[in-house]
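A short worksheet on the structure shown next.
All figures in this text were calculated on a predicted structure; none of them were measured in a lab. Counting from 1, the numbers follow the sequence of the chain as shown.
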Amino acid sequence: MDRKKLLDSKHWCKFLEILFAICIMAGAMGDAKNLFSSLKVLSLGAIVLGVVVLLVTGDFRRLKKISRFFGVYGFILLGILVWSVFLWIMNLETISFIVRGAMKFGYQFFVLLIIASGVYMLGERAIYATFYGLAAANLLMVFMTVPEYGIAETLTAIMHFVTTMGDQQGFMRDMEIHDITFTFGFFIIYFIFFARRNKERVIDLIISIIFFIMGWKRIAVAALPVAIILCVAMGLMKTRTRVMIMNAICWCAVLFGFGYVLFVRYDVFNLVMQFFEVDTMGRNEVYDYIYQYYDISITFIGYGFEYTTVLLQDIIDNFPELKIGVLALHNNILTEYIELGFFGFWAWQMYTWTFQYRWMLNHQGEMVAMLFIACELYIYITYMTDNTLYYYWTSMVLRLMPMAYAVRIPEHTDQFYWPWIKIRKI
């Protein structure tokens, strides 16, 4: 067989899919309670695999499209890093802090390399391979956790969870695997609306729902129905109306992000949470302390990436009576404002929502744009009370979805989002 046609071979691709899923599974085991987080480094085996396959096949057909996605995703990351370095220098940060922040931010570039490798080797099947890897890791964590509690106590915890509609104790508390749990929301969206209609899709959807519910992140449970309702609504619209709605969603998200910063700054968030008797798990106390470090002003330039961890460490060291044992703000929207400043925050918002959406709509097609909007809306809602923006697996799957799906579109024109939908051509 011509080595350039290996990527079109069904058996060869299935073999690569298994290897890629194993790399993802091995890295995801770093999220297990009793294992080391450093195991994530094993996921980099996917990059090595991709490089080897590229050298063997020399098939550059997909590289052009993948490189464009890599550029779009990487540009905003590079911009944030460069701006952060400038702010670190302006604020006279220590070299050790600058190196630590740059290295931590570098993980996001590894994420891009991993998904680029997966899409080059597998195309759209990279979504499935990533799903199988994460699902297998989650299943292994279940098998590791059950013996700790025993069958009886495990079943009791599950029944308590079901009867109380989400109260996690014992076994179910350990199944709250933060990062991986959020990824199953993306997979649910994909398998319901965008995947090929076959038995594999149905089985994968059921698995995604089970692990999503088992992880039970409250903000994710609230965010996912919004994205699903949006997808259903878009399927009922004509092309022009659908594009107008997606444009409106992007601009509303940009304005909402800044409005949310105002809500937190002027204590509206606290009042709303008290009114609905929502347990914020100490977030209000953290927000009250952070208040003194930022202003709603065009002159506020920010502190640079990861600086909020410095502020929270200061709470732990100097104000132990507050009993705040976290080094993350649990509010990515406010975090980005504090770290990037007024103009940096607006640039991040505009690029994320308006530029990326328009680029995908105009260059990758309406289907890819719809998948992007649905996934971005789902995860953006979680930014309100969590740190999902730079979660390793969450950011990986978020960026993988449009890239892998875009590779499939030109090759399978018989696939439709909804049977009656009319898609605008690129």
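Across every non-hydrogen atom of Ser395 and Leu389, the tightest pair is CB-O, 3.9 Å. For the residue pair Ala21 and Tyr132, the shortest heavy atom distance occurs at CB-CB, 4.4 Å. Looking at every heavy atom in both residues, Leu49 comes nearest to Phe20 through CD2-N, 3.9 Å. Looking at every heavy atom in both residues, Leu112 comes nearest to Tyr73 through CD2-CB, 3.7 Å. In plain terms, the two heavy atoms of Thr164 and His160 that are nearest each other are OG1-O, 2.5 Å.
Using cut-offs of 30° and 60° on the angle between ring planes, the pair Tyr303 and Tyr293 is perpendicular. Using a 30° and 60° split on the angle between ring planes, Phe184 and Phe187 fall in the tilted class, from 30° to 60°. Aromatic ring pairs are classed by plane angle as parallel below 30°, tilted from 30° to 60° and perpendicular above 60°; the pair Tyr337 and Tyr294 is perpendicular. By the 30° and 60° cut-offs, the orientation of the rings of Phe342 relative to Trp346 is tilted. Ring geometry for Tyr391 versus Phe182: interplanar angle of 30 to 60°, hence tilted.
We find the CG-CE distance between Leu139 and Met144 to be 11.5 Å, quoted to the nearest 0.5 Å.
Here the rule is side-chain contact (heavy atoms from CB on, under 4.5 Å) with Cys231, and of Ile189, Val226, Leu371, Ile373 only Ile189 fits it. In summary, of the residues considered (Tyr107, Tyr390, Trp83), a ring-ring contact (aromatic ring centres under 6.0 Å, His included) with Phe305 occurs for Tyr390 alone.
Of the possible donor and acceptor atoms, one in the side chain of Tyr260 sits under 3.5 Å from a partner among the backbone N and O of Met384. Counting only distance, with no hydrogens or angles, the side chain of Lys65 and the backbone of Ala406 share a donor-acceptor pair below 3.5 Å.
Remark: aromatic rings of Phe75 and Tyr351 are close, center separation under 6.0 Å.
Every pair passing side-chain hydrogen bond (donor to acceptor under 3.5 Å, both in side chains) that includes a residue from residues 15-30 is listed here, sequence neighbours excluded: Glu17-Arg125.
The existence of a salt bridge linking Lys33 and Glu148 is confirmed by a sub-4.0 Å separation between a basic side-chain nitrogen and an acidic carboxylate oxygen.
Phe69 does not carry Arg399 over the face of its six-membered ring by the limits of under 6.0 Å from the centre and within 45° of the normal.
Residues forming a side-chain hydrogen bond (donor to acceptor under 3.5 Å, both in side chains) with Gln168 (at least two apart in sequence, or on another chain): none.
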